[in-house]
Amino acid sequence: MSTAPHHPLLPLAAAPGNGSRSAEQPLPGVVELADVALLLRPADDVAVATRQVPAGTTVRLPGGTAVTTTSTLPRGHKLAVRPVTAGAEVRKYGQSIGRAKRDVAPGDHVHTHNLGFADPGAEASDDGAQEHEFGTARTTLPEPATRRTFRGYRRSDGRWGTRNYVGILTSVNCSASTARMIADQFRGPVLDAYPHVDGVVALTHDTGCGLVPTSEGAQVTLRTLRGYASHANMAGLLVVGLGCEMLPVTSVLGGLELREDLPVRTLTIQDTGGIRATVRAGVAAITEMLPGIDALRRAEAPASELVLGLNCGGSDGFSGITANPALGHASDLLVAQGGTSILAETPEVFGAEHLLLRRAVSEEVGQRLLDRIDWWQGYAAAGGGTLDNNPSPGNKAGGLTTILEKSLGAVAKAGTADLVAVHEYAEPVTERGMTFMDTPGYDPVSVTGIVAGGANVVVFTTGRGSVLGCKPSPSIKVATNSDTYRRMREDMDLDAGRIVEDGLSVEDVGDELFEKILAVASGEQTVSEELDLGADEFVPWQLGAVT
């Protein structure tokens, strides 16, 4: 095994930055490649524009050759630096991101008009079966110089919370409005007398009935609700049902080993006497919990007790160059401390799964990832699509063309640590190290599964500008480019665009992000928490037929 490897997708050196030249300033007729674009690997066919490059600009490449742009190139998009014949692979990060639909000339804009999806797959054996490498690139992370800590809430089961929330869970959509009415009674100055209570949050959903309780969809919903009920950031719990639903309150809590120090109350609207009576009873139950929860105090905890959710949304051409690899570095730092990170979004590792398989601690772990990808290919086909439908219009406007390109940037969030486990959606994550959870790419659904699995902090990278929160866990928002950070400064926690704009290294920003994670875990509010976001983004994955 190698020690402290360089991540296969990171730039070989820090980005040079644009110096004093603003992205709005006009370019001279001839520019150096480093002034307008990043070539991530010497053998890549494309470079990524760090600013808008007008048509007719002559760009000098390393080695003295030059190309002239054939059209205006938006920032974050790809510039061809060498010819590619129709049908040939186009390489970025040193990896294939698809095949040329037609001949590509140096200086061309490479995007959806001339680059298409082509699954590179794996090498096939003589009998036609695919061959995969398992565990061939495992690593030993450097031993940390110091053992880091955060200030959290120690729970009676030995876990640590980063927040103190009272959660109101609903067994069925029919009780959603009632749950929100109860939570609304604790908004504003009502909680001022309880400064150590982070809030009362109603986590409602759109299902819970009209489905077969033993079906996959019902079990996913139930697993999600149970994950939130037992979450380390829950300091109090109220479960509200209607009374006649397929997934009743008793199924949410039945057999669940809840902590001894977690006050739990249940209500059903039909048995309590209707909505008004249930709201009164719910408010009374939570009011009774508050003094005990407020008496809890933060204490010093090892960083190894953090479970970090890794997610991205609204990605762009800089995601795999700045914020995602910086988060990967922070994840490695946490894993080296003995902590846990959770990568997710199965459709957004498709095409880059080989990089994770090579880091799997066993063939069994790697095969679990392949099994989930196979399931997704069938699931997408049954819906009349393919996994390459995934890049959204916003992703493409930001410079991403194929799912292969998007996935290669997305897996950078996982750093270089070994892959120790693969979990299904919302399953409890108990292993220490870098893990994977099978979730959709849709951000609220993905993050809901990660939090249900136990993530007590989430870092969310975004190029276009996501505003997602995820109570009861804090969500740290990291902008992939400085333009988005400046435009949405009140919604972003950290600017990773400085890697390109100011020449900071991925490690510099990753170190800063790791410190931010520890600070937020210790109680520092994120911008999404300042705006009280995170209740409406609770979206369990809905599968199966509704009857």
Side-chain angles (χ1 to χ4, degrees), residues 8-9 37-49 59 61 65 67 69-71 73-74 76-125 128-133 315-321 324 345-358 370 373-374 376-378 380-381 384-412 441:
L9 300 185
L38 290 174
L39 185 65
L40 303 179
R41 286 290 182 273
D44 281 354
D45 299 307
V46 294
V48 180
V59 181
L61 306 180
T65 60
V67 301
T69 55
T70 56
S71 61
L73 190 71
H77 286 239
K78 295 175 289 294
L79 169 70
V81 296
R82 54 175 49 89
V84 182
T85 58
E89 291 185 341
V90 176
R91 302 187 77 80
K92 175 186 174 185
Y93 303 113
Q95 306 279 333
S96 172
I97 60 171
R99 294 185 183 275
K101 295 179 181 177
R102 59 187 191 225
D103 289 347
V104 175
D108 282 352
H109 176 200
V110 176
H111 200 30
T112 53
H113 60 286
N114 57 8
L115 174 63
F117 168 72
D119 183 1
E123 293 298 324
S125 62
Q130 288 188 336
E131 294 180 350
H132 300 280
E133 296 179 13
S315 300
D316 69 353
F318 294 108
S319 294
I321 300 170
N324 287 356
E345 301 178 280
T346 312
E348 296 180 15
V349 302
F350 174 66
E353 67 271 17
H354 59 288
L355 299 175
L356 296 173
L357 298 177
R358 293 169 187 169
L370 289 174
I373 291 174
D374 287 345
W376 268 98
Q377 289 182 300
T386 69
L387 289 183
D388 194 46
N389 293 340
N390 176 275
S392 69
N395 295 152
K396 292 178 180 179
L400 297 177
T401 306
T402 68
I403 187 57
L404 301 182
E405 181 182 14
K406 185 176 181 180
S407 294
L408 287 165
V411 299

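A distance-only check finds no donor-acceptor pair linking the side chain of T65 to the backbone of L61 [under 3.5 Å]. Of the possible donor and acceptor atoms, one in the side chain of N114 sits under 3.5 Å from a partner among the backbone N and O of H111. Remark: the backbone N or O of I403 is not paired with any side-chain donor or acceptor of E405 at under 3.5 angstrom. Using modelled atom types, no side-chain atom of D103 and backbone atom of T85 make a donor-acceptor pair closer than 3.5 Å. Judged purely by atom type and a 3.5 angstrom limit, N324 uses its side chain to pair as donor or acceptor with the backbone of G409. Judged by distance alone, the side chain of K78 and the main-chain N or O of G399 form a donor-acceptor pair under 3.5 Å.
When all heavy atoms of A410 and E348 are compared, the pair lying nearest together is CB-O, 3.3 Å. Across all non-hydrogen atoms, the minimal contact from A80 to V46 is CA-CG1, 4.3 Å. Scanning both residues, P106 and R82, for their nearest heavy atoms gives CG-C, 3.8 Å. Here the closest heavy-atom approach between residue D44 and residue Y93 is recorded as OD2-N, 3.0 Å. Heavy-atom minimum distance, Q95 versus L408: CB-CD1, 3.6 Å. Minimum heavy-atom separation, S71 to H109: OG-CB, 3.6 Å.
Under the side chain to side chain contact (heavy atoms under 4.5 Å, CB included) test applied with D45, the options L115, I97, V104, V84 reduce to a single match, V84. With respect to L79, the side chain to side chain contact (heavy atoms under 4.5 Å, CB included) criterion is satisfied by exactly one of V110, L73, D108: L73.
N395 and S315 share no side-chain donor-acceptor pair at under 3.5 Å. K396 and T112 share no side-chain donor-acceptor pair at under 3.5 Å.
The aromatic rings of F117 and F350 sit tilted relative to each other, their planes meeting at an angle between 30° and 60°.
Inter-residue side-chain proximity for H113 and R102 is flagged as met; some heavy-atom pair is nearer than 4.5 Å.
Under the side-chain hydrogen bond (donor to acceptor under 3.5 Å, both in side chains) criterion, D316 pairs with S319, T480, N481, not counting sequence neighbours. Applying the side-chain contact (heavy atoms from CB on, under 4.5 Å) criterion to A47, with sequence neighbours excluded, gives L33, A37, L39, V81. Every residue two or more places apart in sequence or in another chain that forms a side-chain contact (heavy atoms from CB on, under 4.5 Å) with A397 is listed here: R464.
To the nearest 0.5 Å, the span separating CD on E353 from OG on S407 amounts to 8.0 Å. Note that CG of L400 is 6.0 Å distant from NZ of K92, once rounded to the nearest 0.5 Å.
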